[in-house]
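Note that ligands are numbered from 1 as they come in the structure, with each ligand's atoms numbered from 1 the same way. Reckoned from all heavy atoms, side chains included, excluding hydrogens, waters and symmetry mates. Note that the structure is a prediction, hence the values are computed from the model and not measured.
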Amino acid sequence: MSEVVSYERDGDIGVITVDNPPVNALGHAVRQGIVDALDKGLADDGAKALMIIGGGRTFPAGADIREFGKPPQEPSLPDVVQVLENSDKLLIAAVHGTALGGGMEITLGCDYRVALDSAKMGLPEVNLGLLPGAGGTQRLPRLIGAKAAMQAIVEGKPMKAAKLKDMGVIDEVVSGDLKAEAIAYAEKLVADGAPRRKVSELSVEKESDNVFSEFEQSIARKKRGFLAPFHCIKAVQAATELDFAAGMKRERELFTELLNSPESAAQRHVFFAEREVGKVPGISKETPKRDIKQVGIIGAGTMGGGIAMNFLSAGIPVKMLEMKQEALDKGVALIRKNYEATAKKGRMTSDQVEKCMSLISTSLSYDDLSDVDLVIEAVFENMKVKKQVFGELDRVCKDGAILATNTSTLDVNEIAQSTNRPEDVIGMHFFSPANVMKLLENVRGEATSDEVIATVMDLSKRIGKVGVLVGVCNGFVGNRILHKRQAQAVKLVNEGATPSQVDKVLFDFGLPMGPFAMADLAGLDVGWRIREGLREDDPENAPERDWMDALAEQERWGQKTGGGVFDYAEGDRTPRPSDTAMAEIEKYRKEKGIETREVSDQEILERCLYVMVNEGAKILEEGIAMRPLDVDIVWIYGYGFPVYRGGLMFWADQVGLDKIHAKVKQFYDESGDPVWQPSALLEKLASEGRKFGDL
Ligand code: T1G
């Protein structure tokens with residue numbers, strides 16, 4: 001008997017226990033172990049019925065994702081589920097934790113399902129670019145109908161035990177000791193002579209002929225570019241049109257197509273990458289972490305308020321500091337307004353809103369920050385102001401308090417050096433809106449201690465963020481790459497493309513919006529003020545004035561003023577081509593004597609995306625990002641890079657670094673622009689036929 005699956009008798013019930021921490025993934029040894037344990041149970045005359053249960057924290061949470069891409073090993077998961085369903089003895093699944101994917105499919109091979117009230121079950125394969133490949137697309141419709149099954153499979157979210165009982169998936173919900181309760185339930189089934197219930201023998205209820213096409217249309221926009229959701233629909237449709245055996249064959253065909261698709265390879269990469277980013281090479285899990293019981297936030301504006309909400313929602317008290325009572329009142333009112341909007345959508349109860357609000361305290365004096373464990377400043381993006389704030393924090397904060405800056409561009413080392421405790425200073429760069437965006441760039445200064453890094457990375461998870469550790473440079477990882485792409489987009493328009501054409505190319509690639517719609521959303525005035533500041537402080541190196549400045553000077557700041565690069569109708573955020581903007585563009589082209597030309601979509605895609613890849617490679621060379629997967633996660637969670645492309649560096653690997661390097665070199669030779677100077681790392685990997693993923 002394999003050590004990952006055991007068999008024992010408990011009274012009249014034979015118990016099969018899966019024990020493969022951390023999540024009882026259904027790897028080859030577990031699959032074989034289940035089959036062996038079942039044989040033992042079937043041969044055990046004293047066992048009137050059999051039960052399968054998970055050891056540790058959960059019922060099996062699915063196939064072992066690490067096995068995908070490797071040669072398949074028998075028994076396959078569909079076969080294991082079929083062997084369970086063919087069992088001569090009544091079979092009960094006892095569920096706790098999260099029975100997901102293949103784990104849930106195992107339960108569907110059983111006659112009855114009993115679950116702990118805290119348990120969840122679901123079929124999240126779509127998030128890996130897959131579909132339930134062990135009979136889920138054929139058995140679930142037989143239990144709950146085609147429409148409900150299709151919605152559950154395409155949504156891919158875990159469902160609570162109570163809801164699953166209402167849907168008829170779970171037969172009994174228990175509390176307390178699952179095993180004891182499940183044994184009692186099984187013995188009752190035996191005593192009552194409960195009938196066998198082979199799900200595959202049930203018929204499928206199809207609500208209407210066009211239920212599938214209607215659902216497909218309903219997800220078309222949201223699932224743009226994905227493959228798996230549409231294959232899931234096809235598989236469930238097969239359950240309504242074919243018999244079980246043929247339906248299983250169709251499921252296998254569709255699953256195999258997905259398994260071999262670049263989209264699934266990308267989404268499986270992201271699954272592991274978003275967990276790897278939390279692990280910092282060189283900083284062990286044992287590094288002591290400081291206890292963050294109370295947080296101070298300086299600045300109660302949009303950013304300060306949004307940042308505060310992350311901690312309040314995690315149950316961490318926040319002390320907000322401003323210079324004027326009016327600003328404090330406004331900030332606290334905005335927090336309440338945001339929470340109440342969430343409650344209105346049914347995503348929070350009013351009690352939860354009051355609980356969060358009760359954790360806020362306010363102050364007008366730095367002295368009140370003497371007892372906080374972490375302070376985050378979210379004041380005006382100006383070095384003089386930041387240094388003045390950190391000087392005060394250095395004066396009042398207790399030893400061991402972590403001092404964090406939310407700066408998005410300024411030098412964290414310079415800020416740290418303005419205190420007597422640079423080892424306690426770190427950047428925590430939240431993305432706006434700070435209470436919504438999941439990405440948090442944690443910026444390590446030269447002096448930042450391992451303890452502070454470990455504490456802040458752990459805290460990131462606690463407040464529901466995806467924390468990525470980055471180094472100090474202008475724009476860190478995300479914005480540094482963004483600025484390079486925005487500059488290429490402007491150049492392409494200078495040379496003859498239109499803003500709409502550039503935006504459409506990148507939207508069709510899978511980004512949520514193009515560069516100019518993004519600029520209009522953020523506000524053209526933001527970039528313009530930074531460039532004007534540079535022109536004042538450092539005229540020699542400041543960027544040349546261009547048509548984007550001209551638009552900003554006319555207060556065409558984008559959505560917030562009804563027009564920027566695009567025009568916006570009242571109450572409508574749809575970007576429309578603007579004659580005013582085009583006039584400014586043509587005026588600029590004329591002033592510069594630019595001979596405009598036809599710019600192809602392919603050139604737009606290559607120049608906007610390859611400049612990002614080249615910059616990402618330079619960021620890796622300089623150690624600003626630790627691994628290519630950190631760059632991938634920054635752009636997925638910070639800027640909506642399509643997850644079915646795996647992130648910027650993973651996508652570059654799929655395109656081929658030799659191809660990208662050749663183009664980068666070509667653009668460098670043509671333009672002489674340093675931004676196109678090929679990264680040495682890119683050059684090296686391309687010449688060796690290697691990938692970023694090999695690093
Ligand atoms: N396979 C391999 N490793 C897994 C895994 C899995 N299914 N699930 C988790 N891990 C690892 C994870 O990488 C991490 O490793 C550790 O376990 C803890 O995970 C045929 C084809 C279960 C809700 O998609 O959603 O079944 O970093 O940090 O936050 O139809 O893990 O410690 O080295 O996420 O408590 C379908 C995926 C598979 C579920 C627990 N199942 N997992 O969350 O811990 S495909 C899934 C999760 C399938 C069949 C199809 C979550 C969790 P490390 P964690 P957590």
Side-chain angles (χ1 to χ4, degrees), residues 4 18 20-31 34 54 56-70 72-82 84 95-109 118-140 149 152-160 228 231-232 235-236 248 251-252 254-261 264-265 267-281 284-285 438 457-458 460-462 464-467 627 629 633 643:
V4 290
V18 178
N20 181 32
V23 298
N24 286 330
L26 295 156
H28 174 245
V30 173
R31 298 196 301 273
I34 291 173
R57 60 194 264 210
T58 180
F59 194 84
D64 186 335
I65 306 172
R66 294 179 203 279
E67 282 187 355
F68 293 139
K70 293 175 188 161
Q73 288 177 288
E74 296 302 321
S76 72
L77 203 44
D79 291 348
V80 170
V81 177
Q82 198 54 62
L84 290 169
V95 176
H96 74 301
T98 48
L100 299 174
M104 179 168 181
E105 290 171 299
I106 290 258
T107 74
L108 298 180
S118 56
K120 290 183 182 172
M121 293 216 289
L123 296 171
E125 289 88 340
V126 70
N127 302 319
L128 297 168
L130 298 170
L131 56 76
T137 68
Q138 306 302 306
R139 287 193 174 88
L140 192 59
I153 290 168
V154 168
E155 245 157 56
K157 290 199 175 81
M159 297 171 280
K160 289 184 178 156
H231 272 41
C232 288
V236 172
M248 284 299 289
E251 177 188 270
R252 182 54 36 186
L254 292 165
F255 176 82
T256 305
E257 277 175 33
L258 290 174
L259 185 62
N260 298 326
S261 70
S264 181
Q267 289 176 252
R268 298 194 312 264
H269 162 71
V270 172
F271 173 84
F272 289 113
E274 61 195 3
R275 288 159 174 79
E276 279 308 300
V277 289
K279 299 169 191 166
V280 179
S284 81
K285 281 186 178 171
K438 288 192 72 155
M457 290 300 282
D458 188 56
S460 304
K461 283 189 200 145
R462 198 171 143 204
K465 295 294 183 190
V466 177
R627 302 153 293 204
L629 63 85
I633 295 300
V643 69

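Among all non-hydrogen protein atoms, the one lying nearest atom 52 (C) of ligand 1 is T98 OG1, 4.5 Å. From the protein, the heavy atom lying nearest to atom 40 (C) of ligand 1 is R57 NH2, 3.7 Å. Looking only at protein heavy atoms, the nearest one to atom 21 (C) of ligand 1 is F68 CZ, 3.5 Å. Nearest non-hydrogen protein atom to atom 13 (O) of ligand 1 is R66 NH2, 3.3 Å. Of all protein heavy atoms, the one closest to atom 28 (O) of ligand 1 is R275 NE, 3.8 Å. What sits closest to atom 25 (O) of ligand 1 on the protein, heavy atoms only, is L100 CD1, 3.9 Å.
E274 and K438 are not joined by a salt bridge, as no carboxylate oxygen comes within less than 4.0 angstrom of a charged side-chain nitrogen.
Side chain of E67 to backbone of H28: a donor-acceptor contact under 3.5 angstrom is found. Side-chain N or O atoms of R31 include one that pairs as donor or acceptor with a backbone N or O of Q73 at under 3.5 Å. Judged purely by atom type and a 3.5 angstrom limit, S460 has no side-chain atom pairing as donor or acceptor with the backbone of V466. In this structure, the side chain of D64 does not engage the main chain of A25 through any donor-acceptor pair within 3.5 Å. Within the 3.5 Å criterion, the main-chain N or O of G133 finds a donor-acceptor partner in the side chain of R252.
Taking a cut-off of under 4.0 Å to the non-hydrogen atoms of F272, the atoms of ligand 1 that pass are 13 (O). For ligand 1, the atoms closer than 4.0 angstrom to any heavy atom of L128 are 24 (O), 38 (C), 45 (S). Close contacts between ligand 1 and P124 involve ligand atoms 24 (O), 46 (C) [criterion: under 4.0 Å to a heavy atom]. Near P132, with a cut-off below 4.0 Å to any heavy atom, the atoms of ligand 1 are 30 (O). Each of the following atoms of ligand 1 lies closer than 4.0 Å to a heavy atom of E105: 20 (C), 30 (O), 49 (C). The L77 neighbourhood of ligand 1 comprises atoms 20 (C), with distances under 4.0 Å to a heavy atom of that residue.
The option from V23, N20, I106, L123 that lies nearest to atom 8 (N) of ligand 1, judged by heavy atoms, is V23. Nearest-heavy-atom check against atom 17 (O) of ligand 1 across A134, A63, G27, P22 picks out P22. Comparing heavy-atom distances from atom 46 (C) of ligand 1 across A61, G156, P78, G62 singles out A61 as nearest.
Of the N or O atoms in I65, one or more lie within a sub-3.5 Å distance of an N or O in ligand 1. In terms of polar-atom proximity, defined here as any N/O pair under 3.5 Å, F271 makes no such contact with ligand 1.
Proximity of N127 to ligand 1, defined as any heavy-atom pair under 4.0 Å, is not found for any part of the residue. By the criterion of a heavy-atom distance under 4.0 Å, neither the backbone nor the side chain of E276 is placed next to ligand 1. With a 4.0 Å cut-off on non-hydrogen atoms, D64 touches ligand 1 through its backbone as well as its side chain. Neither the backbone nor the side chain of E274 comes within contact range of ligand 1; no heavy atom lies under 4.0 Å.
H269 meets the ring pair (Phe, Tyr, Trp, His ring centres under 6.0 Å) test with F650; sequence neighbours excluded. With sequence neighbours excluded, no residue forms a side-chain hydrogen bond (donor to acceptor under 3.5 Å, both in side chains) with T256.
Protein heavy atoms are found inside the 4.0 Å sphere centred on atom 6 (C) of ligand 1.
For the pair R268 and F272, the cation-pi test (distance below 6.0 Å, angle within 45°) is failed.
No side-chain heavy atom of M104 sits less than 4.5 Å from a side-chain heavy atom of V95. Between I34 and V30 the shortest side-chain heavy-atom distance falls below 4.5 Å. By the 4.5 Å heavy-atom criterion applied to side chains, F271 and N127 are not counted as neighbours.
Distances shorter than 4.0 angstrom occur between a heavy atom of K279 and an atom of ligand 1. At a 4.0 Å cut-off, not a single heavy atom of G136 sits close enough to ligand 1 to count as contact.
With values rounded to the nearest 0.5 angstrom, Q138 atom CD is found 10.5 Å from E105 atom CD.
The side chain to side chain contact (heavy atoms under 4.5 Å, CB included) test with V18 singles out one residue from V4, I106, N24, and that residue is N24.
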